[in-house]
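Here's the structure we're looking at; comments come further down.
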Amino acid sequence: MSRDDSCVADALRSEFPNSALGLIGCHASGEAYPDCEYDYLIISEGEKRFERRIINGRIVDILFLNEETLLNASEDQLALALTDLNIIADPGWSLKHQESNITAEAPQRLKRFARRTIFESLADQGRYQDSFKAGNLFEADFWLRISGYNLATAVIASEGKVPRRSHLLAEFRRASEDAGDLFGAWSKTQGLDMATDVTVMRRLDALREVLDLEQSDASKYAYQLAEARSKHLVKSHSVVDAYCNLGAELTRTVEETYELKCRSTGRSPQYHDIFNQLLNGELRMQIVRLIGLTSEETVLKERSAYLQNTAKSIAKYLSKEQI
């Protein structure tokens, strides 16, 4: 455990001396970038909840679960979050008792997650079609990007690895090593040939603009994390990784912000018109430009055809597997 890990863990152990404590996420799996947040699990009374804090100058995400929720972690995404659990403190042995079950069930959960995610990729294709037919070509490209990210996530999970959005490109590159030109062709659908120091900074600007719509501490911390990771990757000559990771963060943030707005106003989402409904006038075009979306019909049709055929092929393969 690094010095930073020890400092954060010691602070949490001091605050929750009678609770089970474990490190999860990319720091637990050994994949973390220097500026990645720390993810911790704390077993305590009360409902499941999430909390983000600053401890010793580091951003720390804490997942609070009670013992009953831990023992009945049937939700695949929750169980997958615990897959790389490193137990730090376990006075009641609640984590130790579940550790073997989590490990044993991880392969089946990953396959189920992969199957569900590849069908989400196909559903995104449906939103692409709706946007394209409505003449909203930037929205169409937006849904193609999300479809591609979900496809990559499904491939990573199908190879027995827990997908992590901030490490998606590196994980997908490894997971698709034996799949011919899958990675190269997929990269074209995501426009990764546009990755430069400048376009990375543009995507960071776009993320800040979208997060500013929330005006919360959570959005401020989310930007700080994205900025720190991106600058680290650019400095490490991994510009394409930075560009891809920001794309995944941006599309998720735009979609979640829009859905939150719809819930708060009681309106049904109109996904084919997401930018017009979420962003007004000048800001809409600024975000579209900074993300790097295209309105070229030929390009969109080519990307859509490839992603749809690939997603259908993967879905067919995963449906045949026994789970």
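Heavy-atom basis, side chains included; hydrogens, waters and symmetry copies ignored. Note that the numbering runs from 1 along the sequence shown for the chain.
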Among Leu144, Asn309, Asp141, find the residue that satisfies the side chain to side chain contact (heavy atoms under 4.5 Å, CB included) test when tested with Ser304.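 Testing Ser304 for a side chain to side chain contact (heavy atoms under 4.5 Å, CB included) against Leu144, Asn309, Asp141 leaves exactly one candidate, Leu144.
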
Residues Asp35, Arg229; criterion salt bridge (Lys or Arg N to Asp or Glu O under 4.0 Å); working and verdict: CA-CA 6 Å; Asp35 296 291; Arg229 275 195 296 256; over 6 Å; no

Pairs involving residues 260-278, ordered by first then second residue, that meet salt bridge (Lys or Arg N to Asp or Glu O under 4.0 Å) (sequence neighbours left out):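 Sorted result for residues 260-278: empty, none.
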
Residue pairs fulfilling salt bridge (Lys or Arg N to Asp or Glu O under 4.0 Å) with at least one residue in residues 237-255, sequence neighbours excluded: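 Found Arg127-Glu255, Arg165-Glu249, Arg173-Asp241, Glu249-Arg252, Arg252-Glu256.
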
Do [X] and [Y] come close enough that some side-chain heavy atom pair is under 4.5 Å?
X      : Y      : value
Tyr243 : Leu233 : no
Tyr128 : Ile146 : no
Leu110 : Thr83  : no
Arg208 : Leu211 : no

With sequence neighbours excluded, what pairs up with Ala154 under the side chain to side chain contact (heavy atoms under 4.5 Å, CB included) test?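 Partners of Ala154 under the side chain to side chain contact (heavy atoms under 4.5 Å, CB included) test: Thr117, Ile118.
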
Do you know the tightest heavy-atom contact between Ala206 and Leu250?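 Smallest interatomic distance, heavy atoms only, reads C-CD2, 3.8 Å.
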
Indicate whether any N or O donor in one side chain lies under 3.5 Å from an N or O acceptor in the other, for Glu259 and Tyr271.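 Yes.
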
Under a 3.5 Å threshold, yes or no: a donor from one side chain and an acceptor from the other, between Gln277 and Gln270?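 There is no such pair between these side chains.
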
Please step through salt bridge (Lys or Arg N to Asp or Glu O under 4.0 Å) for the pair Arg164 and Asp84, ending with a clear verdict. CA-CA 12 Å; Arg164 307 189 195 282; Asp84 296 312; 2.3 Å; yes

Between [X] and [Y], is there a shared hydrophobic cluster once you connect ILVMFWY residues whose side-chain heavy atoms come closer than 4.5 Å?
X      : Y      : result
Tyr221 : Tyr38  : no
Phe183 : Met194 : yes
Ile59  : Leu63  : no

Got a second to check how far His232's NE2 is from Ser238's OG, nearest 0.5 Å?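 The NE2 atom of His232 sits 7.0 Å away from the OG atom of Ser238.
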
